[in-house]
Each structure stands twice: as C-alpha cells, then as structure tokens.
2 protein chains.
Amino acid sequence: MGRCENCIIRQFNSLRAMNKEELKRVSDTKTTKFLKKGEIIFGEGDKLNGVYCVKGGVSKLSKLSPNGKDQIVKLATKGAVLGQRSVITEEVANLSAIAVNDMEVCFIPKDAIVDTLNSNPNFAVEVLRHIAHDLKEADDVIVNMSQKTVKQRIAEAFIYLETNFGEDQNGYLALTLSREDIANVVGTATESAIRIISEFKKLGLIKASGKKVAIANRQGLNDVAKGA
Amino acid sequence: MGRCENCIIRQFNSLRAMNKEELKRVSDTKTTKFLKKGEIIFGEGDKLNGVYCVKGGVSKLSKLSPNGKDQIVKLATKGAVLGQRSVITEEVANLSAIAVNDMEVCFIPKDAIVDTLNSNPNFAVEVLRHIAHDLKEADDVIVNMSQKTVKQRIAEAFIYLETNFGEDQNGYLALTLSREDIANVVGTATESAIRIISEFKKLGLIKASGKKVAIANRQGLNDVAKGA
DNA sequence: GGAAAAAACTGACAATTGTCATGTTTTAGA
DNA sequence: TCTAAAACATGACAATTGTCAGTTTTTTCC
C-alpha cells in the first residue's frame with residue numbers, strides 16, 4: 001500500500017496543504033479500494049464516515065429526482081475528493097457516487113480530515129478554495145441548464161469531455177459515456193440525446209464508432225454550443 | 001454607526017466565529033451602505049475588494065446568459081454575506097448582486113476577512129460550512145432545473161418565498177418579485193411565467209392583488225410542485 | 001460462437017415552452 | 001392628478017422536447 005506522503009494525486013487536491021504529521025495520520029488510517037464500472041461508492045442519503053480520494057478512473061455524482069430520473073451533477077476524476085461536503089456539514093450524502101469505469105479510490109476516515117480542518121488553517125482554507133470553486137461551477141451549470149437548449153448543452157458536454165478527459169491515441173474521447181449518461185448530464189430524455197447525437201454525426205461535427213465518440217469539427221461544435 | 005460586536009445579524013453568518021479582536025478590526029474598517037431597489041451592489045466580472053454583509057432587504061444574485069437573459073441563482077437576505085466566494089478564490093465576481101428592494105449592507109474590506117481565514121481555523125471552518133451548504137443548495141437547484149417542469153418550478157418558487165421570507169400581516173408574501181424576476185428565478189420566459197401564474201390564480205392556488213401574491217391553497221401548490 | 005440482455009436508434013405523436021404581436025393595467029414621477 | 005413608462009396579460013403560432021412503441025445493433029457472458 002502506497003504512502004500518501006509520496007502520492008502525486010495529492011498535489012491536485014486540498015491534501016497538499018497538510019503537513020507531515022497530518023499526512024502520516026491520513027496515510028495510517030486510509031484504506032484503498034478498487035471499484036468496477038457501475039459499482040456504488042456511496043449513495044444519496046448515506047451517512048459518510050470519511051471521504052474518498054480518487055486515484056484513478058471516473059465517478060459520476062448524481063441525484064435521483066422525484067420523477068425517477070437521475071441527474072448527473074458532476075464527473076469526478078483523479079484528484080477529486082468525494083464526500084467532502086457532507087463530512088463538513090455533517091449531513092448525509094446529497095448525491096450518489098457511482099463508478100463510470102474501473103476506479104481506484106482511497107477512503108480516508110473523517111476524523112483525520114475534521115481534526116486537521118480545526119487545527120490547520122492552511123488546510124481549511126485550501127479546502128475552502130476547492131469548495132468555493134465547485135460552487136462557482138455549480139452556479140454556471142444552473143445558468144446553462146436553464147438558459148441553453150438541449151442541443152447546445154450536448155455540444156458543450158462533448159467539448160467538456162474533451163478538455164477535461166482528453167482523447168485516446170485514435171482521437172476518440174478518452175471518457176466514454178453511454179447515451180443515457182450523456183442525457184443525464186445535460187438533463188434531457190435519452191431519446192432526445194440520441195437524436196441530437198445522430199444529428200451531430202450527420203452534420204460531421206462528431207464521428208462515432210460504437211459508443212466511442214470523436215470530435216470531428218471542434219469549431220462547428222463550439223458554434224452549436226454558443227447558439228450560432 | 002453600529003459596532004459589529006453588537007450586531008445581531010452576525011449570529012446568522014460566519015462572522016460569529018470571529019473573536020473579539022478580529023471583530024473589532026472588521027468593525028473599524030467596515031462601511032455601511034444603503035441601496036435603493038434596483039441598485040447594483042456589484043456586477044459580474046467586477047473585482048471585489050471585500051464582502052457585503054446584508055443587514056436588511058433582499059438581493060438577487062444573477063448571471064447574464066449569452067442569449068441575453070438573466071438567470072437568478074439565489075436570493076440573499078439578512079445575514080447573507082455576498083462576494084465571499086470571489087474573495088476566497090481571488091477571482092472576479094461570477095454573479096451580479098442587485099437590490100430587489102431597499103437594502104442596508106455593510107462592506108467589509110477583504111483583508112480583515114482573508115487574514116482571519118488564515119489565522120483562525122474556527123472562522124475558516126465556519127465559512128467552509130456556509131459555502132458547503134450553498135453548494136448543496138446549488139446542486140439541488142441543478143436537479144430541479146433539469147428535471148422539473150416550469151409549472152412545478154413556479155409552484156416551488158412560491159413555497160420557497162413563503163418559507164424563506166414569510167408573509168405580511170395580510171397574508172401576502174413578504175417578498176414581492178416582478179413576474180420577470182420570477183421567470184428569471186425558475187429559468188423560463190416571462191410570458192410563460194405570467195401564463196402559469198394566471199392559471200394558478202384560476203385554480204385558486206394563489207391570489208394576487210397587483211404584484212402582491214398570497215398563497216391560497218398551500219397543499220394544492222405543494223401537489224403541483226411534486227408533480228401530482 | 002451464440003443466446004440473451006442491454007444499449008442504441010427511429011418514427012409518430014403529444015405536451016411543453018418560447019416567440020411575437022398586441023392590448024390592458026399598474027406604477028412612478030412630474 | 002395626469003401621463004408616460006413599465007409591468008402584466010393574452011392570443012396565435014412555431015419550435016423544442018418528451019413519450020411511447022417499436023426495431024436494430026452492440027455487448028455480455030455462458
């Protein structure tokens with residue numbers, strides 16, 4: 001089992017503001033878990049006894065709406081710390097976290113986090129910065145959701161996937177989502193998403209091989225996203 | 001000019017975690033401002049040199065979407081601290097803050113906030129709790145926006161206004177919003193909002209006298225909000 | 001490799017929502 | 001109090017999006 005002190009992932013999240021002893025404590029109490037695609041890290045309403053630091057793979061953070069549809073609020077990848085918010089506010093989880101592909105995560109019991117928050121202002125401020133950034137992103141999502149058409153949001157989603165997860169060696173988006181997941185990200189019916197994706201293919205904006213999608217005309221997609 | 005040490009508003013926000021000296025510093029550097037309905041506290045893209053503590057009145061926090069429509073992300077009332085997020089992340093404001101009715105706010109230069117964040121973990125954690133709570137609310141708004149109909153969201157908006165701002169002595173909602181503002185809260189066209197509000201009146205769910213609105217059938221409104 | 005299951009896709013249609021045009025009422029200010 | 005401006009309201013129609021009912025393709029796993 002690796003030591004947090006040597007973990008490069010830490011540079012991407014708030015744990016980098018911990019000092020040596022604090023980090024040692026985290027390292028001594030953490031446990032590493034491997035999850036297969038589709039497995040649940042935690043569910044809406046679960047009481048969380050710690051946070052999950054994502055070492056590899058991607059998780060979708062989603063919430064079930066009363067009408068039975070899932071809304072994906074965020075995709076979390078390497079470096080993300082899941083469950084942080086719930087641990088801070090001492091509430092049950094507001095979102096579910098489900099593995100989109102195979103994942104490796106470290107579970108860190110909450111005491112190590114909470115105690116450090118209360119004693120090390122650098123760490124508290126660093127966590128604060130991250131959560132504040134998440135809040136800004138969430139506000140932007142609210143605006144997108146309510147002011148853009150489904151077509152625009154799907155175009156944006158592809159651009160988002162490219163800029164955040166990159167492409168594989170063949171130029172396909174490195175993160176492959178099912179049509180249903182894409183629909184749940186942009187908040188529309190699966191059929192609507194499929195229809196628009198087909199249209200994008202016909203227009204030559206993207207190309208697809210099975211579920212793999214590649215951006216074929218970035219500028220064109222951008223124009224659609226901007227409503228041109 | 002009042003002293004922060006004696007200000008009851010402080011009990012509602014993160015400033016309650018400040019100690020005597022810190023509070024004294026805030027009190028010595030703060031300035032009080034009075035704003036009329038419609039006045040701008042700060043605008044999207046402004047560089048903020050401090051935060052605004054709301055002593056009275058209500059502000060709408062909104063963002064202009066590329067299509068020229070405003071999306072109201074949040075309504076802030078007594079006790080809210082505006083601009084906190086931007087000061088923490090050292091970014092320009094992501095949202096505009098505009099007075100919905102006459103307001104009184106205290107401007108607190110950012111140094112007093114930032115220095116305390118860096119030195120007093122209690123304060124940092126208290127701010128963290130507030131921002132974390134805001135984040136949860138924002139996530140919930142995302143789900144509502146994307147999974148509920150305009151009718152449901154308008155019904156919810158009235159219930160929200162009642163539970164958060166209360167009623168006046170005649171039973172009307174204490175906070176009166178224009179139809180346009182309501183449309184901008186729920187993310188729809190003004191005409192659509194007007195139509196649905198008219199429908200609610202016909203159904204006896206609400207009654208209206210001019211722009212003042214009263215909830216006439218809470219259970220019925222609730223049913224609409226839940227999609228029954 | 002083949003069967004079963006899951007995912008992707010398509011068409012037809014209905015419901016919701018947006019837009020534009022216009023009239024009416026309310027509000028604010030001289 | 002009167003008037004102009006703003007806000008509210010409504011109709012007609014178009015565009016977007018959702019739903020249902022299927023078919024086809026892809027994936028999974030024995």
Side-chain angles (χ1 to χ4, degrees), chain A residues 36-39 60 65-71 98 100-102 144-155 157-158 172-173 176-203 206-213 224-225 227, chain B residues 36-39 60 65-71 98 100-102 144-155 157 172 176-203 206-213 224-225 227:
Chain A
K36 292 234 189 76
K37 175 178 170 175
E39 283 194 275
K60 56 179 174 183
S65 81
N67 67 22
K69 280 194 189 163
D70 245 354
Q71 174 65 34
I98 298 177
V100 171
N101 46 32
D102 292 354
N144 274 336
M145 283 294 182
S146 52
Q147 304 285 4
K148 294 192 175 167
T149 64
V150 174
K151 199 174 292 184
Q152 288 179 289
R153 294 187 330 248
I154 290 183
F158 284 129
Y172 289 103
L173 294 176
T176 301
L177 291 178
S178 69
R179 302 291 191 260
E180 187 181 4
D181 277 343
I182 293 174
N184 290 346
V185 166
V186 302
T188 190
T190 305
E191 295 94 327
S192 296
I194 289 175
R195 242 181 276 274
I196 289 170
I197 292 172
S198 299
E199 193 188 328
F200 285 178
K201 274 192 280 191
K202 286 202 191 86
L203 292 171
I206 60 172
K207 49 184 183 165
S209 145
K211 355 186 11 172
K212 288 226 159 277
V213 171
V224 172
Chain B
K36 293 236 187 75
K37 173 176 171 177
E39 283 194 274
K60 56 179 174 182
S65 81
N67 67 22
K69 280 195 189 162
D70 244 356
Q71 174 64 35
I98 298 176
V100 172
N101 46 32
D102 292 353
N144 274 336
M145 283 294 182
S146 54
Q147 305 285 2
K148 294 193 175 168
T149 64
V150 174
K151 198 175 290 186
Q152 287 179 290
R153 301 199 308 261
I154 291 183
Y172 289 102
T176 301
L177 292 180
S178 68
R179 302 289 193 262
E180 188 181 4
D181 277 343
I182 294 175
N184 290 346
V185 166
V186 303
T188 191
T190 307
E191 296 94 325
S192 296
I194 289 174
R195 241 180 276 275
I196 289 170
I197 292 171
S198 299
E199 192 188 328
F200 284 177
K201 274 193 280 190
K202 287 203 191 85
L203 291 171
I206 61 173
K207 49 184 183 165
S209 144
K211 347 184 21 168
K212 289 227 158 277
V213 170
V224 172

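Here is how names work: the chains are called A, B, and so on, in the same order as the sequence lines, proteins then strands, and each is numbered from 1. Values below: all heavy atoms of this structure, side chains included; hydrogens, waters and symmetry mates excluded.
Panel note: side chain A/Ser65, backbone A/Lys69; a donor-acceptor pair is recorded below 3.5 Å. Under a 3.5 Å cut-off, the side chain of A/Gln152 and the backbone N or O of A/Thr149 do form a donor-acceptor pair.
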side-chain contact (heavy atoms from CB on, under 4.5 Å) assessment of B/Glu199 paired with B/Lys202:
CA-CA 5 Å; B/Glu199 192 188 328; B/Lys202 287 203 191 85; 5.6 Å; no
Working for side-chain contact (heavy atoms from CB on, under 4.5 Å), residues A/Val100 and A/Lys37:
CA-CA 5 Å; A/Val100 171; A/Lys37 175 178 170 175; over 6 Å; no
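Annotation: the span from B/Asp70 atom CG to B/Lys60 atom NZ amounts to 6.5 Å, rounded to 0.5 Å. Within the model, atoms OG1 of A/Thr188 and NZ of A/Lys151 stand 12.0 Å from one another, a figure rounded to the nearest 0.5 Å.
Each end of the helix from C/dG1-D/dC30 to C/dA30-D/dT1 gets its own axis, taken as the rotation carrying the C1' atoms of four end pairs onto the next four within a five-pair window, and the two axes meet at 60° to the nearest 10 degrees.
Between B/Thr176 and B/Lys212, the side chains place a donor N or O and an acceptor N or O closer than 3.5 Å (distance only, hydrogens not considered). For B/Ser146 and A/Gln71, the side-chain atoms include at least one donor-acceptor pair closer than 3.5 Å.
As judged by a 4.0 angstrom heavy-atom cut-off over every strand, A/Lys212 is placed among residues making no nucleic acid contact.
A/Ile194 meets the side-chain contact (heavy atoms from CB on, under 4.5 Å) test with A/Arg179, A/Thr190, A/Ser198; sequence neighbours excluded. Applying the side-chain contact (heavy atoms from CB on, under 4.5 Å) criterion to A/Ile206, with sequence neighbours excluded, gives A/Phe158, A/Ile197, A/Phe200, A/Lys201, A/Val213, A/Leu221.
Reading DNA chain D from its 5' end, the first and the last nucleotide to sit under 4.0 Å from a heavy atom of chain B are D/dC8 to D/dA12.
The residue among B/Ser192 and B/Lys37 whose nearest nucleotide of DNA chain C is located toward the 5' end is B/Ser192.
In this structure, B/Lys148 places its NZ atom where more than 12 heavy-atom neighbours from other residues, nucleotides or ligands lie under 6.0 Å away.
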Identify the pairs formed between an N or O of the protein and an N or O of nucleotides 23-25 of chain C at a distance under 3.5 Å, and give each distance.
none

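Residues A/Glu39 and A/Lys36 share a closest heavy-atom pair of OE1-N, 2.5 Å. Nearest heavy atoms, A/Met145 versus A/Val186: SD-O, 3.5 Å.
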Under 4.0 Å protein heavy-atom contacts per nucleotide of nucleotides 5-12 of chain C, with B for base, S for backbone only and - for none
---SBBBB
